[in-house]
Amino acid sequence: MPDIELTQTSPELIEALKKLMVIEGFESIEDAAEFIFSVAVREGAKRVTGKARVLYAVQGKKPCA
């Protein structure tokens, strides 16, 4: 389940996400949006570092004081 909520979107974006949802078999538009976001972040990190990096959610960490 995605942790994002789409609040303001253009009709073109919704249509593109619906197409991606059908093609890739996602259960919701939010899943498709999360996939696109993660790909964009991964590609951005690759451009900055020159290497492919794996992204993991950090859980159970206390905030820095």
Side-chain angles (χ1 to χ4, degrees):
M1 284 288 149
D3 293 334
I4 62 171
E5 181 180 332
L6 299 175
T7 55
Q8 297 180 359
T9 55
S10 69
E12 294 86 10
L13 176 60
I14 294 296
E15 193 60 37
L17 289 173
K18 284 181 181 179
K19 287 180 184 178
L20 179 66
M21 186 177 74
V22 170
I23 292 169
E24 295 293 329
F26 293 118
E27 293 181 9
S28 69
I29 291 176
E30 287 80 10
D31 288 338
E34 185 174 338
F35 172 76
I36 292 295
F37 178 75
S38 66
V39 169
V41 169
R42 195 175 303 117
E43 289 297 317
K46 188 176 180 181
R47 282 192 300 273
V48 169
T49 64
K51 298 180 180 180
R53 302 285 185 202
V54 178
L55 303 175
Y56 296 102
V58 178
Q59 297 179 2
K61 295 280 185 172
K62 294 180 180 179
C64 296

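The cluster map of Ile, Leu, Val, Met, Phe, Trp and Tyr, joined by side-chain heavy atoms under 4.5 Å apart, puts F26 and V39 in the same cluster.
At least one side-chain heavy atom of K19 sits under 4.5 Å from a side-chain heavy atom of E15.
Nearest heavy atoms, M21 versus A32: N-CB, 4.3 Å.
With sequence neighbours left out, V22 forms a side chain to side chain contact (heavy atoms under 4.5 Å, CB included) with no residue at all. Applying the side chain to side chain contact (heavy atoms under 4.5 Å, CB included) test to E12 and every residue at least two apart in sequence or in another chain returns S10.
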